[in-house]
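Read through the structure below, which is laid out as structure tokens, and then see the notes.
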Amino acid sequence: MKKSRAFMETCRMIHRVSPSCIPLTLLNGILNAIAPFASLLLSSFLLDALFLEKNEQKALVLAGSLLLLSFIMMVLLAYLEKQTTTMKTRLQYEIEETILKHTLDLRYELLEDPATLDHLQQAREGQNGSGGIEWFLHYMQEFIKSSAVIIQSLVILVMMLKKQSVVGNALIQFAHSAYLPVVFIVLFAVVLLCNIALMKRKNEELTHQFYDNVAGNRRFAYYSQICSSDYQVGKDIRLYHMEGMLSRRIRKEADQLMNLFYHYAKRFGVIGGLEQLVAQSMNLFFAGVVLVRFMAKTITYGELMRYSGAIVQLSSALRTWLSSIMSMQLRARYFQAYATYLHLPAQQAGKKQESLVFTSLELKDVSFCYPHQDQPVLKHVSMRIERGDHLAFVGMNGAGKTTLIKLLLRLYEPSSGVILLNGKPLQSYDLNAYWSLFSSVFQDFQLFPFPIKENIAGGLQVDEEKAWEQLERAGLKKRMRELEKGLATSLSKEESEGVDLSGGEEQKLAIARALYYDRDFIVLDEPTAALDPLSEYEIYHRLEMLAKDKTSIMISHRMSSCRMAKHIYVFDQGEIVESGTHAELLEKMGLYHRLWHAQAHYYEA
Amino acid sequence: MYSIAYNLKAIFQRIHTFDAKLLVTLLLEVVLSVLFPLLVNVFPAFLLWCAAQSSYAQAFTMLGVYALALLLCSYGSSRLSEYNAARLIGLRFTYSLDMMEQVLHMAYSDLENPKIRDEQAQAVMYSVNANEYGFEGIIREGKTALSSLCGLLAYILIIAKDDLLFSVLFALVALLQMCMYRRARTYEQTHKQDWIKEARLFSRLQFLFTKPDPAKDIRLYQLQDWIMGKVTRLSAHCIKWNQKVQKRYFYAQIKEAFVLLLRDGIAYLWLIDQAMKGMAMDTFVLYVSLVASLSTWTKALVKSLNHMQMDHRGINDYRQFMEKYQQKDATLSLSDPIGKIEFDHVSFRYEGGDWIFEDFCLTIHAKEKVALVGINGAGKSTLMKLLCGLYVPQRGRVLIDGVEVTKLSAKQRSDLISIVFQDAAVFALSLAQNVSCDDEYEEKAVWEALKQAGLAEAIHALPNGIHTPLTNLIEENGVHLSGGETQKLMLARALYHDGKILILDEPSAALDALAEAALYEQYAAMCTDKTSIFISHRLASTKFCDAILYLEKGKIIERGTHTELLAQQGRYAELYEVQAQYYRKEQTV
């Protein structure tokens, strides 16, 4: 019953986001079904009034009501159409917003897990390939409409199948006998089963098509992304003359994709053709019965028109009914991926801001292993950080320094061991309150495509004076002064009126942000990697002054930055192998000494 | 730009080369799509006609003929529509691939320009990016338009047989309907600019925030509310505009309902009158169903024509882009390159920016090892981009061995210049292919390059060695290299290509002290027999260069060896001291 569960989930999600969506869709579907039926009914009466009763007055009245009804229906349907279309657009946006909001609140470790992004990717792919939620609702409407039409038609046809005693040949007798309803039911059942079988077949083929070339799809998506507007890799493509290779690859993938597509299109064509044949056969059988009855004069002109109309509607509605069920199920499957994504756990962060004061942070025998990996990145790390300490973490790439920072910042939980803040384990503190102790600049810091001042303040409320102050401290004041729109300039690299800052300038801006937030504990991970010597000096000098009354941890490959630290911890393969002040460590003649001299010997006179 | 007739003709020509059968099957589909509804619509009238036959046998024979026609039509319709739909997608793909080819060959400076990227996004949006629009759309809608037109004409002609005036009236009403619908569509088009930017920004933000990169900063700085605020504002804007457009359509439809009321009123009055005067019942029934379907045909025709207009605009955007950014083929090559670099009165600036270089001259002799230093924003990377032809100077020339770089063929340039920039480009290919930048590679040479770059050990440790797929964008078990390893990989790529000119732009920014030192050790070996340019903020590394160039404000203000420049006590010396002070023993900061 997985299909129906996915379906219910989708409906629930839609209802949660926009409660009037589904009722409107239902109404729209029903009205769409009733309108032609009502017209059909009226026109059949008109026919009888004109040719049977020869009553012009009555005919005119009927014609008038028919026209009025059509008009009202048209306006009503147009209005509903407007409502549902705007509703669907809103729904689409709101669902995307829900996803985004959830992403921002997700537990951090989930975001670095490729499985999480896979869910999202699947749902997005499904959306792009076969339409989003508006198509689900479209098919729901089709389903309601076709259900109503089927019911209407059956009601009409049942009246036709009334047994009537009549004189005539065997054919006429048969067309009026009591066996007719039985034949009708049997035929209807056969047609229904045939259609279901064909639909199931189509479903299987669709699934095959989807899974037949998952890898190829992925490759194609990747190559088209590179070949369109991803200019980051554009440099290397041109410099190393990769155009030919990529062009060959993408054409090969496209060919493969298309051939597969044609293959399945043919199969769908045959299935569709068979569906049509089945439907038309049923129509023709009924046409035969109606014809006989009319020729035997047991039904009137008007009734003939009604029945023939109903027959035609029944067969096409049946097909629409079945295909809309299948389409809804298909789309519900895609939404399953969304729903799964939305069920991923969010960070447990309260909104209450307990004001915390940092006194000490202690790591006791902390080890850590990334999920899905067997090699531990940190092994039995212990250290104590007191308020006002200035620490440096050094070591070679991959030694575990950044990972330790992530643990300290509670982005990950240690696999074993415990971290205590002011003597109590980190879990006993509210997450947001804990985070408000820290200001950080990571190696892969991010700035956002919004006004510079908002980037500094992390929100719409900006204390401009304070912002300028931090920019000066970070050494960016002059550059910012050059901008026409000043701090209101957007950082968007995509927007044409925005500004494109250099790597070094961005780093300074990230530092300005950290300074603006003015927290007790500063964490810096390679804060000057992209800066020139002058800027680097500026920053160190300033950071030193600014961090004086704060607690700080710095990770840097620039051994020179360690001189300012009170405690230096040297990491090697996940363990702390040496610790002490700069002078102490040099004396030990160990790893630190080697690292130091690797850089320092160039500067010796 | 191009007329709709021109575009259609061009598409038909392409269809002919793409799949000659397609033109025939498309036409057949149109014919069937007129025939099929016609058959269905005349069904009641047909039944009446059958019933009017003298015997059951005759009636059923006629029904039989009708049945056959109907069955053939419906089966054929289904087969044809699937065949055509699939091949139209294939057709669209060919245009899509052409666009990708174009972007691949576009000038880098154009690719980097956000305005041009906007143009490109605009060019593909309504031409190749979706089933319903552009090249595919215009043919699909063309089919519908043609069948609607045929249907409409057929019906009007049938009516005209009996009453010319009536049919003329009908035709006029159809035209009126078309005009009204058109106005609503135009509104949507002209006001598109009002919300298209917001819609694009919304989807860009969606993409940006569902990646892991910004996650740390968002949580630590509690940026959730700020970001959601922005996103909500954008979507509210788009929703509002959608409402406006829908309202317009609604008003248009009300007007249309009035027109229909009028038309059908007149029709019914006339028909009832005729019936009382003795019109046959089957004729009456036929006319009634024709009147009803006339609306359907007209609406379909109008919708298709309007859609085709929009597709046509999208196609023109595409053509405009393709023609504007045509790359001229550069074909020159050097027979025996030595790697002499010359900047000859080069002036360069970014679009809309100030001059970064004005009348800049510089000569670097073959096999010279040069270090380029200067503070951030001095233009060092820009200079290198000019050197390898990624940028084209507005004035002056950049010459290698006396030949303008931009005139050299792409292959010659890539054979000649090996460069590592600051931002790494790792492709979802195998490691070896990432090094060779090609499907083929020489294994020995790959290992050699990895060794020189200091990555060999790490790669030996991988189970698949150099065949390991990188990134998990295609292969699920693809490997993600660390920052330092990636930088070494970029270096290996440059070394593999062994160009006469080697350029390293901040190659050790992400390396630890030991790896950095190892790199400098290797540097001399890497540069044997080459002209090399080394950009770095680590002034220590510049010691082993033949010449150090200090770039400031678009000019080389100092040039000399390390010792010479220190003696000069100029900007270089100042920069050096600032860095060195931390490493001196007696330092008290």
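In what follows, every chain begins at residue 1, and chains take the letters A, B, ... in the order their sequences are listed.
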Heavy-atom pair count under 4.5 Å with chain A, highest-scoring of A518(B), A494(B), S508(B): A494(B)
Interface moiety of A515(B) toward chain A, non-hydrogen atoms closer than 4.5 Å: neither
With a 4.5 angstrom heavy-atom cut-off, could you sort out which part of L46(A) is near chain B: side chain, backbone, both or neither? side chain
Going from CG on L104(B) to CE on M242(A), what distance comes out if it is rounded to the nearest 0.5 angstrom? 10.0 Å
Select one option (side chain, backbone, both, neither) describing which atoms of Y83(B) are under 4.5 Å from chain A's heavy atoms. neither
So which part of L47(A) gets closer than 4.5 Å to some heavy atom of chain B, the side chain, the backbone, both or neither? side chain
Where do M245(A) and C437(B) land on the side chain to side chain contact (heavy atoms under 4.5 Å, CB included) test, with the steps shown first? CA-CA 8 Å; M245(A) 170 175 110; C437(B) 290; 5.9 Å; no
CG of L50(A) to CE of M276(B): how many Å apart, nearest 0.5 Å? 6.5 Å
Less than 6.0 Å separating the ring centroids of F427(B) and Y222(A)? no
Give the ring-plane orientation class for Y93(A) versus F202(B), where under 30° counts as parallel, over 60° as perpendicular and anything between as tilted. perpendicular
Between E112(B) and K235(A), is there a side-chain N and carboxylate O pair less than 4.0 Å apart? no
Atom group of L534(A) that falls short of 4.5 Å from chain B, counting heavy atoms: both
Between D438(B) and R248(A), does any side-chain N to carboxylate O distance fall below 4.0 Å? yes
Heavy-atom contact with chain A under 4.5 Å, split by part of E516(B): side chain
Taking the side chain as everything from C-beta on, heavy atoms only, tell me whether I417(B) gets closer than 4.5 Å to L239(A). no
So, E454(A) and K230(B), do they make that salt bridge, N to O below 4.0 Å? yes
Please evaluate residues Q276(A) and S77(B) with respect to the criterion side chain to side chain donor-acceptor pair (under 3.5 Å), reporting the C-alpha separation (whole Å), side-chain torsions for both, the decisive distance (0.1 Å), and the verdict. CA-CA 9 Å; Q276(A) 286 279 5; S77(B) 224; over 6 Å; no
Residue part contacting chain A, namely of F258(B), when any heavy atom lies under 4.5 Å: both
Between L514(B) and chain A, with a heavy-atom cut-off of 4.5 Å, which part of the residue counts as in contact: side chain, backbone, both or neither? both
What part of E536(A) gets closer than 4.5 Å to chain B, counting heavy atoms only: side chain, backbone, both or neither? side chain
R558(A) versus chain B, heavy atoms under 4.5 Å apart: side chain, backbone, both or neither? both
What's the verdict on side chain to side chain contact (heavy atoms under 4.5 Å, CB included) for R79(B) and K266(A), showing C-alpha distance, side-chain angles and the deciding distance? CA-CA 7 Å; R79(B) 288 298 304 271; K266(A) 183 163 170 192; 4.0 Å; yes
Side chain / backbone / both / neither for S247(A) at chain B, heavy atoms under 4.5 Å: both
Less than 4.5 Å to any heavy atom of chain B: does that hold for the side chain of A63(A), its backbone, both, or neither? side chain
Quick check on L271(B) against chain A: is it the side chain, the backbone, both or neither that has a heavy atom closer than 4.5 Å? neither
For L277(A) and L71(B), run side chain to side chain contact (heavy atoms under 4.5 Å, CB included): C-alpha distance rounded to whole Å, both residues' side-chain angles, the deciding distance at 0.1 Å, then the answer. CA-CA 6 Å; L277(A) 288 179; L71(B) 289 174; 3.6 Å; yes
Honestly, the part of M74(A) sitting under 4.5 Å from a heavy atom of chain B is side chain
Testing the basics here: between L257(A) and F93(B), what is the closest heavy-atom pair and its distance to 0.1 Å? CD1-CE2, 4.4 Å
Working to the nearest 0.5 angstrom, can you tell me the gap between S235(B) OG and L100(A) CG? 10.0 Å
Rounded to the nearest 0.5 Å, what separation is found between the OH atom of Y537(A) and the CD atom of Q581(B)? 5.5 Å
Test your reading of the model: is there a side-chain donor-acceptor pair from H557(A) to the backbone of L511(B), 3.5 Å cut-off? yes
Given the options M490(B), Q243(B), K385(B), Q224(B), which has more heavy-atom pairs under 4.5 Å with chain A than any of the others? Q224(B)
Can you measure from CZ (F250(B)) to OG1 (T85(A)) and round to the nearest 0.5 angstrom? 12.0 Å
Drop me the distance from H105(B)'s NE2 to E243(A)'s CD, to the nearest 0.5 angstrom. 4.5 Å
Are L66(A) and Y268(B) side-chain neighbours, meaning at least one heavy-atom pair lies under 4.5 Å? yes
Applying a strict 4.5 Å limit to non-hydrogen atoms, the region of M295(A) in contact with chain B is both
Which one, I218(B), V426(B), L575(B), L234(B), leads in non-hydrogen pairs under 4.5 Å with chain A? L575(B)
Answer yes or no for K216(B) and Y108(A): cation-pi contact, defined as NZ/CZ to six-membered ring centre under 6.0 Å and angle to ring axis within 45°. no
Side chain of Y240(A), backbone of I419(B): donor and acceptor closer than 3.5 Å? yes
Report which part of V312(A) has an atom under 4.5 Å of a heavy atom belonging to chain B: side chain, backbone, both, or neither. side chain
Using a 4.5 angstrom heavy-atom cutoff, name the option from H497(B), E506(B), R413(B), E574(B) with the most pairs to chain A. H497(B)
Let me know if V394(A) has heavy atoms under 4.5 Å from chain B in its side chain, its backbone, both or neither. neither
Tell me which of these, D415(B), L261(B), N242(B), L223(B), has more heavy-atom pairs under 4.5 Å with chain A than the rest. N242(B)
Do L111(A) and R219(B) touch side chain to side chain, with heavy atoms closer than 4.5 Å? yes
Give the C-alpha distance, both sets of side-chain angles, the deciding distance and a yes or no for ring pair (Phe, Tyr, Trp, His ring centres under 6.0 Å) between F450(A) and W226(B). CA-CA 10 Å; F450(A) 303 131; W226(B) 175 48; 5.3 Å; yes
Quick check on F294(A) against chain B: is it the side chain, the backbone, both or neither that has a heavy atom closer than 4.5 Å? side chain
Note, L60(A) side chain near L269(B) side chain (heavy atom, < 4.5 Å): yes
For residues E275(A) and S78(B), is any side-chain donor paired with an opposing acceptor at under 3.5 Å? no
For a ring pair (Phe, Tyr, Trp, His ring centres under 6.0 Å) check, start with the C-alpha distance between F284(B) and F51(A), then their side-chain angles and the critical distance, and finish with the verdict. CA-CA 10 Å; F284(B) 182 87; F51(A) 292 95; 5.4 Å; yes
Below 4.5 Å, heavy atoms only, C-beta onward: do R493(B) and D236(A) meet side chain to side chain? yes
Atom group of F445(A) that falls short of 4.5 Å from chain B, counting heavy atoms: both
Cation-aromatic face contact R87(B)/Y262(A), 6.0 Å, 45 degrees: yes
Max heavy-atom pairs within cutoff under 4.5 Å with chain A, candidates G64(B), S418(B), A378(B), A425(B), goes to A425(B)
What verdict does the side chain to side chain contact (heavy atoms under 4.5 Å, CB included) test give for F442(A) and L220(B), after you've listed the backbone C-alpha separation in whole Å, the side-chain angles of each residue and the deciding distance to 0.1 Å? CA-CA 11 Å; F442(A) 281 97; L220(B) 294 167; 3.4 Å; yes
